[in-house]
Each structure stands twice: as C-alpha cells, then as structure tokens.
Visitor: 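Dropping a structure here in structure tokens format, bear with me for questions.
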Amino acid sequence: MIKCKSSKSSMVNGVQSNISAFFVSKAFDGGSKQMLNGTIVHDIFQKAAISSDFSPERIQTFAAEALKSPNYLGQMYSLKLTQADMRQEVEEYLPSLSEWAKNYLHTSPQAGQKQLTLKLPSDGALSKQDATCSVTVTDFMDIEENIWCPRFGLKGKIDVTAGVRIHRRGRKPTERIVPLELKTGKETNSIEHRSQVILYTLMSSARRCDPEAGFLVYLKTGTLHPVVGNHMDRRELIKIRNSLAHHVGNNRIKIDGKSQMAPLPAIVSDQQACKYCPQKRNCAVYNRALERDPVENCSEYPQAFVQSESEHLSQVHLQYFSHWLLLCTLEAHTMENKGGRRNIWLQTAQQREKSGGCAGNMQLTGDVSVLSDGVYKHSFERKVGDQTLTGLIVGDRIVVSDQDSVLIGLATGYVTEITVSGVICSLDKNLSKYSSNTVFRLDQDEGAGGLSTHLGNLSMLMENTPTRPPQFIDSLSSVLPRDAKDTVANILKGLNKPQKQAMKKVLLSKDYTLIVGMPGTGKTTTICTLVRILHACGFSVLLTSYTHSAVDNILLKLKRFKIGFLRLGRAQKVHHDILPFTEESCRAKGIQTLEELEQLYNKELIVATTCMGVKHPIFSRRRFDFCIVDEASQISQPVCLGPLFYAQRFVLVGDHQQLPPIVQNAEARSLGMDESLFKRLEHHSDAVVQLNVQYRMNSAIMSLSNALMYEGRLECGSERTANAVLQLPSRAQVEKELDLYVCQPQYSAWVQAALEPNSPVCYLDTSEVPAPETVEKSGISNHTEAILVQALVTLLLKAGCRASDIGVIAPYRQQLKAISSLLQGDAFKALEVNTVDKYQGRDKSVIIVSFVRSNPEGNLGELLQDWRRLNVAITRAKHKLLMLGSAPTLRRYAPLEKLLCHLQQEDMISFENESLIAEFVKFSLMQVTSSSCLLLPMRRYPESTCDKNKNLFRF
DNA sequence: CCTCTGCGTAGAGGA
C-alpha cells in the first residue's frame, strides 16, 4: 500500500519517491517549527471538532493543553524551540479557527454564508450549470479516519470526515459525507494539496457513497476550498501510484539466481526540487553506489549534489552501502510476505485464526472508557462463545477491522488482558459509534516499520565524518580523575583477572573495545561494573542491547548499587522493578515545561534503551562519552550502528560463538547478513579482550564447549565451580525404588548415570530404541524423546530436584509443544521448556536437551547445522547436562559429529534398546499415576519382591 | 524449512 500523503517528493518525482520509500527515517526529515506547528494546530482543530465547540475560550484551552503535552514537548526539545516560541506560532492560528467555524459550521448562528466555486465533474450527480454554491458542515463523522484501501492500494488518515450540506440557488440542498484536509501552510491550493484530497475522496468512496468532492481547509485564513477530482484526475493519480508501487514492490531482481537491486527510473533533473529535498544524501549515495550508469557519466549534469554529497565516500564505503541495502531489501521482503498486514485483507478471519494471531467474531461489550488522551479501553467478547481464543497474547499490538474486511484498520492498539471468552485492549479510536451488532476481527500486527531503522542507520553511516583505525591511550592515570581512583580501585576488587583487563582496555580505548564473554563468564556483572566505574569517573554512558529484557537485566544489577539512570522505552515492555526509572514514570510526577523535560533528559549520566529506541528525541541533542551494547553478537550491523552514532567511544559485549542475529531470508543470510558488527570488528584484535573465566558450568560440562568451540580457552573460575554437582536429596530412595521395581539382568546404565551426580554429562543414543521424528507442516517433533524427557524430569523431581532448577531445551517449537503437553500439572509448573535461542544468556542447574532429528536418510534442517546453536545448548547447564538423540542421524551434522566424538572418547554415551527404555518409562510414569502429587514420599514395595543382590530392574 | 525481537503511525510544511 502506498501512503496517501501527497507531497511532491513522495508522489510525483520518480527517483525521489523511490528513495523516500526506502528511507523513511526521521533522521533525514527531522521536522521543523512549521511542521510541529501544523501538528499542534491540527490537534486543536480536531479537539474542537470532537467537542463541537470552536469558541475562542475553548480553543485557547486546547492550545494550552497541547503546548504542554509530552509528545509535543519532546519535539520542541528536538528542534530546540521554546514553549514561548511555539505558543506564539500556534496562537496566530487560533482566531481563524473560530472564524472558520462561524462561517461554515451549521451550529454557528450565521453559518453557510460563504460562497464557494465548485468545478463540477461533467457526469457528476452535482449540477453542471451553477458552479456557485454555499457549504455548511453539519456533522463531524470521524477524526483522523484511518483508511487502508486494498482496492486502490492506498492508505492514509483523513483529517476530518464531515457531513456537509451543499446549497445551490433554486435547488434542494445535497447532503454528503466528505473528507476535509486541514492545512496550516500557505493557501496555495496547489496541485499537491488538491491531489491529496482527490485521493482521500477516492478512498472514502470505497467505504461509503462516493463523495465526489472533498475540501481543503486553510487554517491560516480560515477558508474552505472545494476539490472535485474528475475521472481523469483520479486515473492519473492512480497511474502515478502504480508506478511508485511497482518500483517499491519490485526493488530487487534476480540475475543468474542472484538477487540485486533493480534499477530505478532516471534521476530527476530539477535543481529546484533537489535543492531542499530531505533525501538528497540518500539519493546521491544510492546513485553512486548502485546505478550502473551514474549521473557523472551523463553528458548533461544538473545534479551536482550527487558529487558533493558523496565525494567523501570510497569504493569500500559505497560497496558496504549497496551490499547492506540489498540485504535489508531481501529481508524486508521476506518479513512482509510472512506476517505482513496484507493478510488482514487477503485472508478471512477464520483462515487467519488457524495460523494464529487473529481473533474473529468479536463483539464490543460494555462501555468504552477513556484511559487517557486518545487511548480507549475496549472489551470484546467472542460471538460464538464456545471457541477458545488462540494466538493473541497480552501485550500484542493489534489492528481492529470488521469481520468481513471491508472496514480495515479501524483502530490499532495493544491487548491488555485475555479473558476466557474475550479480549480487553487499549485502542487509539473509540469504536462505540459502530452499531452494537458490528462484528470485529482483531489481528496481530507484526511488521510495522519494516527495516526503516536499519536503512536510516545505514544512511547515517554514509554521512561525512572522519574515520580512522582504533587507537588507545597509553596510561590509565591520564584518564582516571584523581578523586575517582579510590572508588574505582574498590570496584575493581570484586573482579577476576580478565574482567579487570577488560575494564582497563575500555578506559584506555579512544574508539572502541570488544569484550568477548564466553558462556558463564559474567557478562552482566562485567557490564554492571564497567558502568559503575565509568560513572565514578564522571563519564556519561548510553547503555543498550537489542532486547528490553537484556537492558533491564543490567539495570536490575545497577539499581542495587544505587546508581542513577534514565530508562527510555515503552512501560509495557520494561521490567516491573525498573518502571520507576522510566521516562514515563518521571514525567507522571509532573512535567509541564520544556525546562523540566530538559532537566530530566540531562539529569543522569546513564541512559538506557534498546538499539531500536534511538529515534527518541533525547538523541537529537544529547551525546555520550561511552556507548555499551550488550548481546552485540546477536544484533545485525545496521541496527547495532544506531546507538553508536551518539557516543564518542563504544564497547560491544558478546560472543560470536553463540547465536548470531536472526535473518529470515536465506539469501540474505548466505550473503552475510547474520554477521554482527561485533564479529566484523573482531578482526582488530587490539581492540578485543576475552572473558574466559566462567562461574557457571562444572568442569565436565565445560569441557564439551572447550572441545567444540573454544579450544580449551574456557576456564573454571574456582574449585567450587569446577566441582559443583547436582544435589539430589532423595536420590537414594529413588534408586532403591528403581531396584525394587525393575529387576532385570540389564540395569539401565543411562538411567543410573542420569541420576548420578558424578557424571554431569550423559548422552542417550536413541537409535536402538528407536525414536523416529515426526515431520508435520507445523514443525518437527519426536514423540519418543518427549516421553523420555517426561520420564527423566519425573525421576529428577522425585529424587528431590526442584522444578525451577530444571530446564528443557529443544531446537524446534513443535517439540516444545509435545514436551509441554506431557508435562502438565502443578509439579511441573516451575519447569522451563524453551528453544535453544530463548535460552541464550541463561542457565539452569539441570538441562535436558532433546535433539529431535532422527531419520535414516531424510533432510537435515538448518538449525542443527549451526555450531553456535549447539554451543549455546550445551553451555546452559551448571551441574548436569542430559542429552537425547539418535546418534547416526545427528552425526550427519558436522557440529554434532564433533560433539559425539568427544562424548565417545569420554565415555559419556549410553545406548539403550526398546525394552529397557520401555521399562524405564513405565517405571517413571507409574510414579506419576500412583501419586497425584509427585513430591510426596513414594509408595513402598514389600521387601520380599526384590532380589537385592542383583541390583537390577524388575517388572 | 520452521530458530524470532524490535519498531507507534501518517503527516505536520518549505521552496
């Protein structure tokens, strides 16, 4: 869909429009006083319209409220404007707002006096003869009506949807519902303004009776201009739309199986238009980097800016730009196809419900309450009561449409609560005006924004700034302030050697430092300490990571040391204990003036947010001494760059031997999109410091990862870590029970080892069991492995292990489902079943890994081919690591082959056959069924039923 | 083949 805003640069000019479709980042169109004024005046007009009160007093009140609203204060901060400036600007408009209402609003006493000239369509329902008429607005039907119109491929927001009465001399008045477009700029009545109204008229016609006309409201003068688009006008606009859509939609082509950026239409040669175009740099860099026939080779050469905007860039820079533009384009395409908004109109609610992420057949119940300005609380109930709701989760962003996908995108908002038969959510629109039997669908809204942050950052990287290889300062004494020395020395006391080295490296860096944190080496602690040291030295720090939870992890630690910080980001995503530090909470304590806001933004040395949060107004002004990026090895390059622009020096913390950034498009991945900035910069070994002393795994578990990935560099931090084993208080009892229960000649070595604290690593080869995989559309699972996991967990719990100390890991979601469905009940509640990816950064005392894949010659998935994923899976356990899988299948994966070889050498593999496994499973399951509560003492068997000397299982 | 987290939007006007 193409946005309807009809400014010259986005709708009319070929190349410019394409460039602006790529780069919609704020950074290039940072706004202006006039734009902010426009927004605020719109706001005031719309508030007056909602309350049907355009009296000067009321309008003054609305203006005063707007001038201290959080959002506008933020923008004033960005633009370095004062509230007084802004007030003056806005107040100029207020009288004409009242004036406009007096002239055109029918509730006003002398309404309908103004004569307008309508240019009527020749075949229109309006009259041909008299072009002069008067118009009154009778009703405000909607404000900021959101229209997504698949029929024309257009989307947009209509400022005001109004009922109007058109009077013509000697005729009966005509009633229409028409779009009003408000303008605060010059009364140009220009082609751009008129085109925008024509498109809105067209979009309105898809929702209701064709209004045939719309109106431009110029608020500076308070005048109203009718705009009637005839068939030809509409056709021409749609043609422009189609050509733009074509270039945006077909921005990549495949040649010999390889994708590349498709050529754009010829660059425009309008010096006047280019002069002020916000996309100037992007246009120039794009042209230099991607066009086969760059303009400098052209004979006529009107775009001198292409040269001046890009001459600082070398071939390497341009290559980086075009390479990542392609990668982002490929990835954006895949993401859009996957969970894009188009499914709202392409799929019925029933279809979409099956794949999850949609709730159809919903009706409004109860009243809609106003939570705050522009936030309305709605309760929906399922019309057909017996169906359970699937897919939607609290916190999801949603789009509300009507069930038949005619009124698409009526409102957007967030799910706040899920009940048995309904959903409660906060929406940006009040839907109570729709009749009570309107049926709605709520769709999960995934891919908003696309990759605009990536591209915006990429563009910013192309800015003309000095570059150089990493440099370092010679001595610490020159960086440490004298009065901070003692504090710093004190803080350093708690650290181990590599951690201390890391601190030193950071302090001595002039540009950047990479901290490689191998599993369990205390990355969070190290970052926390680093922040404390930098804080003590009086440095400002921007603290970021890709996820909210990673940011909050560090902040939770920092909070304990009473270090002050400001946390940016949506309250709903922030950890509960960190909420008091968020901008939102601080503002709630009463920020009315720009000075107070500036104070808040500048108060703390430490500011924390996610990498994607760099669009915040604070970054248009504030700069930091250091930027620390946690989990940097999991962040794609263009995203990681974002926060770095705002700091003098930066520190990336991560481990490229663990999971890389997620890239959905296979081609983009193969072209290197999953290479993080962390990995790329690791080549500068001067800037790298390794944390190799770990406090998580005991020595046996650690040895796996050392053999697989770290070539023996990983060390245990203490004897205690190295020798720590699983404590199972009731183990003896369980083993006795086992003895009593199963008395067969082949005692299961594996089951015994699984419970034995002194064998921390056990691998069960299920190839003889056998345990074949199941491949379904929804994913891959392995039922037998799931049962074995259940049996093991049951046994561990029985032996006295706490459920919260056990973690189950599988590479596939479908397997997690299979396992979870077996582990129902309160006793398993605290147990965590999750994917490898989700376990990154975490640990548990006991980890059970189910590898799932087991087939004689079938396909190998991509997941298990990745060394890094396996490395993560085997480094989560502190005391005991139990693995299940079919060795012959798994040996076809190179990483697993290496792991299995090592396990074999160490004699950590057991083979079991079907009957043994069956007995073991039967035993453990019997325990489940025989006692409803697992943690009660076990039923005792009579002594006589067991032959003690044999120490065997028995039926 | 199947791993998943971030993003509030669309439009504010200038020349």
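Quick note on labels: first sequence line is chain A, next is B, and so on, each numbered from 1. Basis for what follows: all heavy atoms, side chains included, without hydrogens, waters or symmetry-related copies.
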Visitor: Has A:Y200 got a side-chain N or O lying under 4.0 Å from the OP1 or OP2 atom of B:dA10?
Guide: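 Negative; the distance criterion is not met.
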
Visitor: Name all stems that contain residues of DNA chain B, defined as runs of 3 or more consecutive Watson-Crick or G-U wobble pairs, both distances under 3.5 Å.
Guide: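 Counting only runs of 3 or more consecutive pairs, none involve DNA chain B.
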
Visitor: Looking across every strand, which nucleic acid part, if any, lies under 4.0 Å from A:I780 by heavy atom: base, sugar-phosphate, or nothing?
Guide: sugar-phosphate

Visitor: Figure out the CD/P separation between A:E144 and B:dT9, and round it to whole Å.
Guide: 15 Å

Visitor: Reading DNA chain B from 5' onward, which residue's closest nucleotide shows up sooner: A:K183 or A:N146?
Guide: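 Whichever sits nearer the 5' end wins; that is A:N146.
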
Visitor: A:E89 CD to B:dG13 P: how many Å, rounded?
Guide: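 Taking CD of A:E89 and P of B:dG13, I get 12 Å after rounding.
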
Visitor: Residues two or more places apart in sequence or in another chain: which of them pass ring-ring contact (aromatic ring centres under 6.0 Å, His included) with A:H783?
Guide: none

Visitor: Looking for any heavy atom pair under 4.0 Å, which part of the strands does A:R570 touch: base, sugar-phosphate only, or nothing?
Guide: nothing

Visitor: So which nucleotide from B:dC4, B:dA15, B:dG8 ends up closest to the side chain of A:D837?
Guide: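 Nucleotide nearest to A:D837's side chain: B:dC4.
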
Visitor: For A:S426, what residues pass the side chain to side chain contact (heavy atoms under 4.5 Å, CB included) criterion, not counting sequence neighbours?
Guide: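 With neighbours one apart ignored, the set is A:L371, A:V375, A:Y414, A:T416.
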
Visitor: For A:L79 and B:dG13, give me the distance from atom CG to atom P, rounded to whole Å.
Guide: 14 Å

Visitor: From B:dG8, B:dA10, B:dA12, pick the nucleotide closest to the side chain of A:T184?
Guide: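 Selected nucleotide (nearest to the side chain): B:dA12.
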
Visitor: Restricting to ring-ring contact (aromatic ring centres under 6.0 Å, His included), what partner residues turn up for A:F851, sequence neighbours left out?
Guide: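 Partners of A:F851 by the ring-ring contact (aromatic ring centres under 6.0 Å, His included) criterion come out as none, since no residue qualifies.
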
Visitor: For A:E187, enumerate each residue passing the side chain to side chain contact (heavy atoms under 4.5 Å, CB included) test, keeping only those at least two apart in sequence or located in another chain.
Guide: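 Result, side chain to side chain contact (heavy atoms under 4.5 Å, CB included) vs A:E187: A:Y218, A:T221, A:T223, A:H225.
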
Visitor: Counting only side-chain nitrogens and oxygens, does A:R853 get under 4.0 Å of the OP1 or OP2 atom of B:dC2?
Guide: yes

Visitor: Could I get the full list of ring-ring contact (aromatic ring centres under 6.0 Å, His included) partners for A:Y72, not counting sequence neighbours?
Guide: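 If we apply the ring-ring contact (aromatic ring centres under 6.0 Å, His included) test to A:Y72, skipping adjacent residues, there are no hits.
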
Visitor: Return the nearest nucleotide to the side chain of A:Y414; candidates are B:dG8, B:dA10, B:dA12.
Guide: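 Within the option list, the nearest is B:dG8.
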
Visitor: Hey, does the side chain of A:S32 come within less than 4.0 Å of B:dA12's phosphate (OP1/OP2), counting only N and O?
Guide: no

Visitor: Is the shortest heavy-atom distance from the side chain of A:P179 to the side chain of A:V160 under 4.5 Å?
Guide: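 SC-SC contact between A:P179 and A:V160 ruled out.
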
Visitor: Between A:N146 and A:G409, is there a donor-acceptor pair closer than 3.5 Å when you use the side chain of the first and the backbone of the second?
Guide: yes

Visitor: Would you mind reading off the distance between A:R669 atom CZ and B:dC2 atom C1', rounded to a whole angstrom?
Guide: 11 Å

Visitor: Can you check whether A:R397 has a side-chain N or O nearer than 4.0 Å to OP1 or OP2 of B:dT9?
Guide: no

Visitor: Measure from the side chain of A:N71, starting at C-beta and using heavy atoms only, and say which of B:dG8, B:dA10, B:dA12 lies closest.
Guide: B:dG8

Visitor: Tell me the closest heavy-atom pair linking A:D159 and A:Q46, and the distance in Å.
Guide: O-NE2, 3.2 Å

Visitor: Taking any heavy-atom pair under 4.0 Å as a contact, classify A:E145: base, sugar-phosphate, or nothing.
Guide: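 No contact at all - A:E145 keeps every heavy atom at 4.0 Å or more from the nucleic acid.
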
Visitor: Within the structure shown, what part of the strands sits under 4.0 Å from A:Q664 by heavy-atom distance: base, sugar-phosphate, or nothing?
Guide: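 Base contact.
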
Visitor: Give the rounded distance in Å between these two atoms: CE of A:M335 and P of B:dT3.
Guide: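 Value for this atom pair: 16 Å.
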
Visitor: Using the C1' atom on both, measure B:dG8 against B:dA12 and round to a whole Å.
Guide: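 Each nucleotide's C1' atom is 16 Å from the other's.
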
Visitor: Counting just side-chain N and O atoms, does A:K186 come under 4.0 Å of either OP1 or OP2 of B:dA15?
Guide: yes

Visitor: Applying a 4.0 Å non-hydrogen cut-off, can you work out what A:T412 is touching in the nucleic acid: base, sugar-phosphate, or nothing?
Guide: nothing

Visitor: Run the side chain to side chain contact (heavy atoms under 4.5 Å, CB included) test against A:D428 and tell me which residues pass, sequence neighbours left out.
Guide: A:A411, A:T412

Visitor: Rounding to an integer number of Å, can you tell me how far A:D396 CG sits from B:dG8 C1'?
Guide: 15 Å

Visitor: Identify, residue by residue, the members of residues 37-48 of chain A with a heavy atom below 4.0 Å from DNA chain B, and return them in order of residue number, or none.
Guide: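 Contacts with DNA chain B under 4.0 Å: A:G38, A:T39, A:H42.
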
Visitor: So, is A:K838 close to the B:dT5 phosphate, meaning a side-chain N or O under 4.0 Å from OP1 or OP2?
Guide: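 Looking at the OP1 and OP2 atoms of B:dT5, one of them is under 4.0 Å from a side-chain N or O of A:K838.
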
Visitor: Any base atoms under 4.0 Å from A:Y812, or only sugar-phosphate, or nothing? Heavy atoms, all strands.
Guide: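 Here A:Y812 touches the backbone only, sparing every base.
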
Visitor: Check whether A:D866 reaches the backbone of A:R868 with its side chain - one donor and one acceptor, N or O, closer than 3.5 Å.
Guide: yes

Visitor: Which residues pass the side chain to side chain contact (heavy atoms under 4.5 Å, CB included) test with A:E65, not counting sequence neighbours?
Guide: A:T61, A:F62

Visitor: Please confirm whether the shortest side-chain N or O distance from A:T610 to OP1 or OP2 of B:dC7 is below 4.0 Å.
Guide: yes

Visitor: For A:I662, report the nucleic acid contact type (base, sugar-phosphate, nothing); a contact means any heavy atom under 4.0 Å.
Guide: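 Touches a base.
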
Visitor: Grab the CD-P distance between A:Q815 and B:dC2 for me, whole Å please.
Guide: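 To the nearest whole Å, that distance equals 13 Å.
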
Visitor: Over how many whole Å does the gap from A:M612 atom CE to B:dG6 atom P extend?
Guide: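 Distance, rounded to whole Å: 9 Å.
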
Visitor: Less than 4.0 angstrom between a side-chain N/O of A:K157 and OP1 or OP2 of B:dT9, yes or no?
Guide: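 Result: no.
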
Visitor: Among A:K155, A:K157, A:R207, find the residue that satisfies the salt bridge (charged side-chain N to carboxylate O under 4.0 Å, His left out) test when tested with A:E145.
Guide: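 That would be A:R207.
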
Visitor: Of the listed nucleotides (B:dA12, B:dG13, B:dG6), which one gets closest to any side-chain atom of A:E181?
Guide: B:dA12

